[in-house]
Amino acid sequence: MEKKFYVTTPIYYPNDVPHIGHAYTTIVADALARWNRLKGNKVYFLTGTDDHGKKIAEAAEKVGKSPKEFVDNLVPKFKEAWKKLNIEYDRFIRTTDKDHEKLVKEMLQKAYDRGDIYLGEYEGLYCIGCEAYYTEKDLVDGCCPIHKRPVENVKEESYFFRLSKYQKRLLDLYKKNPKFISPKNRKQEVINRVKEGLKDLSISRTSFDWGIQLPFNKKHVCYVWFDALFNYLSGAGKNREFWPADIHLIGKDITWFHTVYWPAFLMSVGEDLPKQVFAHGWWTFDKEKISKSRGKVINIDELIGITGNKDSVRYFLLRATPFGDDGDFSNDAMIIRHNNELANKLGNLVSRVSGLIEKIGIDKEKNKKMSRLIDEKSFNEIDILMKNFEVDKSLNKIFSLIDKCNEYVQKRRIWETKNKTELYAVGDAIKKISILLWPFIPETSEKIARIFGDWEFSGKEFEIPLDTEAKIRKSEPLFVKVEEEKINKEEKIIGVMDSKEVGFDEWSKLDIRVAKVEKIEDIPGADKLYKLSLDVGELGKRTICAGLKPFYPKDKILGRKIIYFSNLKPRMMKGIESQGMLLAATSDNHSKVSILMPSEDIEVGSRIS
Ligand code: ME8
């Protein structure tokens, strides 16, 4: 039966061009939308921009433009970026769209008529960056906890929304629908804060006019979050046919607004609630915050330019970090995955098999068993992962199927045996792989389809075997490798890489020693890193930062001996100079880490050779 699937991204502030963080949420939404389209569901995917508010008005003023002119210039940059990344949304909504403004006014009036909006005076600490008020308690050194800049003390006549009234109903909601706030680890924080009590929320301003006027008092414009959140309802298709949303994808920065304000607003106006809000983690760039002032912004053209392939961007962002967790972006990490996974594994499989088929031909009939290298089970397994938003694990699974095909060609020595049935089996598996990959890297999948005989992308097509009559020719490489020289040595050693031959000369350049962990400390502001102080015998004392916190309590490392790479180029991490690395094993999806520890009787400073 056809099911509806309505997915949304936040509507982004068009005060600058989009960057990697905006791309991330939007790419995940696109992958989910495409996966559901594959399954034949009735999909609706909404994204857009949050045009109003003081932040936009100020940015416009700085460049001498009216707010409308300013956003009208930037909105196309978002649309272009999404096109470049093959993101296929159903509607791009702007809060300046007439139908949205009309709906917000209706909702304001409704909440007002129900007695949920009243006039008062607001005095508070306001962050323009967040378009939100904070309490003293929320501030860090007197500054906004997110933007780290001073908040303003603002006093103005304001209308208030009776948020306090909804405390119990919100707590009931979280209890009744345990998945409403996902992933699990973000839920408790919200629940605790709601339990502490909710203050009524100021929802209008008189100090600027770039916003939607309140229908019951034209002097006031609507607070940006009341305006913005209702985009999900005004943009829900014709007659709002797709509401309620199946999933609101957001970054963890705006969890509170989506899991507290938004359901309370909807309860007030008597609309259904969205089924789920998923707040994913935060990307840093070279371990630093993405921030214009520090030059750490990476826009979409630059991102695509690193490998020259848009699917590499989608692939890296979707696979490199478990969805929900924070991630760090670096050019090297992306190039390594592009070269080793996309070019070496997928690209080689496709060009090798298409070349063999051109030379040898295929034969379906002789051995039916062979044509099941991949079956429906794989589709269903990935479907379960995708229902849980485990996009990274889905790609892991698909790549294990690619490995299986490469191993099959290798083991059966098909290039020697010229076995047409076996070759057919791999060709058929490639068709299935292309369908499974389509939500993630659609352009590549479509290229594969053109090489092997053209097919639609649907779950039904997954069950149709490869056409034996198709004219198959050896393909051009799907991915052009990026020169390895461009990769910094250190990353190579950390190795998201596959094993590769290394000359003795290269190996012997490393100075690897036994070291003892003398001290282990947390690093303020770092979720994953510990600072370790090491004794390395004749080399003296050293400090390193290591991402072990999620995997080891301190007492499991303190006083133990480890294997230490002593002559790597030092690198600054969270303001600390990390003088090398320790040796640990990491599972493919980074969910497990195991430090290699030598026996206690070996002396510190001993060389590993
Ligand atoms: O908050 N890592 O807009 P915004 C991961 N207009 N995701 C990131 C990111 C990063 N470093 N930086 C941005 C707003 N994002 C409001 C939303 S919704 C009704 C109104 C993504 O332009 C992530 O999805 O500040 C985050 O929640 C969003 O961009 C914030 O975009």
Side-chain angles (χ1 to χ4, degrees), residues 7-30 32 46-56 59 71 74-75 77-78 81-82 87 92-97 100 103-104 107 127-132 144 146-147 186 211 222-236 245 247-263 265-266 274 277-292 294 296-300 303 316-318 320-329 389 527:
V7 55
T8 69
T9 72
I11 46 170
Y12 308 110
Y13 291 124
N15 57 345
D16 205 339
V17 296
H19 62 60
I20 180 178
H22 305 123
Y24 183 53
T25 324
T26 319
I27 289 171
V28 175
D30 187 60
L32 292 177
L46 181 73
T47 188
T49 50
D50 192 354
D51 290 357
H52 291 130
K54 195 170 175 188
K55 177 152 80 173
I56 300 283
V71 289
L74 278 158
V75 167
K77 306 279 182 218
F78 282 80
W82 303 157
I87 286 162
F92 189 103
I93 193 170
R94 298 178 56 182
T95 49
T96 42
D97 287 347
H100 171 75
L103 178 124
V104 171
M107 295 299 149
C127 170
I128 300 178
C130 301
E131 300 275 10
C144 159
I146 291 164
H147 294 88
R186 307 222 194 280
C222 175
Y223 167 60
V224 71
W225 280 99
F226 195 100
D227 171 0
L229 286 161
F230 274 101
N231 91 85
Y232 300 131
L233 191 60
S234 50
I247 180 74
H248 290 315
L249 291 178
I250 57 166
K252 65 181 181 182
D253 55 326
I254 53 179
T255 311
W256 182 254
F257 307 107
H258 281 78
T259 58
V260 179
Y261 294 1
W262 181 222
F265 294 159
L266 287 166
V277 176
F278 193 106
H280 63 66
W282 209 240
W283 282 92
T284 48
F285 176 22
D286 283 340
K287 308 257 158 68
E288 284 190 45
K289 188 174 172 261
I290 296 171
S291 123
K292 213 174 178 188
R294 286 194 245 170
K296 292 281 179 191
V297 192
I298 183 155
N299 71 38
I300 309 309
L303 204 51
F316 180 81
L317 291 177
L318 292 167
T321 179
F323 190 57
D325 291 5
D326 294 339
D328 184 53
F329 180 86
F389 311 108
D527 295 343

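Atom set for the values below is all heavy atoms of this structure, side chains included, hydrogens, waters and symmetry mates excluded. Bear in mind the structure is a predicted one, so any value in this text is a computation, not a measurement. Atoms within a ligand are numbered from 1 in the order they appear, just like the ligands themselves.
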[atom] - nearest protein heavy atom and its distance:
{"atom": "atom 11 (N) of ligand 1", "answer": "Trp283 O, 3.1 Å"}
{"atom": "atom 19 (C) of ligand 1", "answer": "Tyr232 OH, 3.5 Å"}
{"atom": "atom 21 (C) of ligand 1", "answer": "Gly21 O, 3.5 Å"}
{"atom": "atom 17 (C) of ligand 1", "answer": "Ile11 O, 3.2 Å"}

Lys55 atom NZ: more than 12 heavy-atom contacts under 6.0 Å: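 Enclosed.
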N/O to N/O below 3.5 Å, does that happen between [X] and ligand 1?
{"X": "Ile254", "result": "no"}
{"X": "Tyr13", "result": "yes"}
{"X": "Asn231", "result": "no"}

Shortest reach to atom 8 (C) of ligand 1 by a heavy atom, considering only Tyr24, Phe230, Tyr261, Trp282: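 Among Tyr24, Phe230, Tyr261, Trp282, the closest heavy atom to atom 8 (C) of ligand 1 belongs to Trp282.
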Closest candidate by heavy atom, reference atom 26 (C) of ligand 1, pool Thr95, Thr284, Asp253: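 Selected option, by shortest heavy-atom distance: Asp253.
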Atom [atom1] in [X], atom [atom2] in [Y]: separation rounded to 0.5 Å?
{"X": "Arg186", "Y": "Thr259", "atom1": "CZ", "atom2": "OG1", "result": "11.0 Å"}
{"X": "His52", "Y": "His100", "atom1": "NE2", "atom2": "NE2", "result": "7.0 Å"}
{"X": "Asn15", "Y": "Thr49", "atom1": "CG", "atom2": "OG1", "result": "11.0 Å"}
{"X": "Thr8", "Y": "Leu233", "atom1": "OG1", "atom2": "CG", "result": "11.5 Å"}
{"X": "Asp50", "Y": "Ile93", "atom1": "CG", "atom2": "CD1", "result": "10.5 Å"}
{"X": "Ile250", "Y": "Thr25", "atom1": "CD1", "atom2": "OG1", "result": "9.0 Å"}

Which ligand 1 atoms, with their elements, are less than 4.0 angstrom from a heavy-atom of [X]?
{"X": "Tyr12", "value": "3 (O), 22 (O), 28 (C), 29 (O), 31 (O)"}
{"X": "Gly251", "value": "23 (C), 24 (O), 26 (C), 27 (O)"}
{"X": "Ile290", "value": "11 (N)"}
{"X": "Ala228", "value": "19 (C)"}
{"X": "Asp50", "value": "6 (N), 16 (C), 20 (C)"}
{"X": "Thr25", "value": "21 (C), 23 (C), 24 (O)"}

Side chain to side chain contact (heavy atoms under 4.5 Å, CB included), paired with Asp51, selected from Leu74, Asp227, Thr95: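 When Leu74, Asp227, Thr95 are each tested with Asp51, the side chain to side chain contact (heavy atoms under 4.5 Å, CB included) holds only for Thr95.
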Side chain, backbone, both or neither: the part of His280 lying under 4.0 Å from ligand 1 by heavy atom: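 It is the side chain that touches ligand 1; the backbone stays farther off.
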Judged by non-hydrogen atoms, does [X] sit under 4.0 Å from ligand 1?
{"X": "His258", "result": "yes"}
{"X": "Trp225", "result": "yes"}
{"X": "Phe257", "result": "no"}
{"X": "Gly281", "result": "yes"}

Parallel, tilted or perpendicular: rings of His258 and Tyr232 (30°, 60°):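 Because their plane-to-plane angle lies in the 30° to 60° range, the rings of Tyr232 and His258 count as tilted.
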Any Phe78 side-chain heavy atom under 4.5 Å of Thr26 side chain: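 Side-chain contact under 4.5 Å: no.
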Output field: ring centroids Trp225/Phe257 closer than 6.0 Å: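 Yes.
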Phe278/Phe323 aromatic ring centres below 6.0 Å: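 Aromatic pair counts; centres sit under 6.0 Å.
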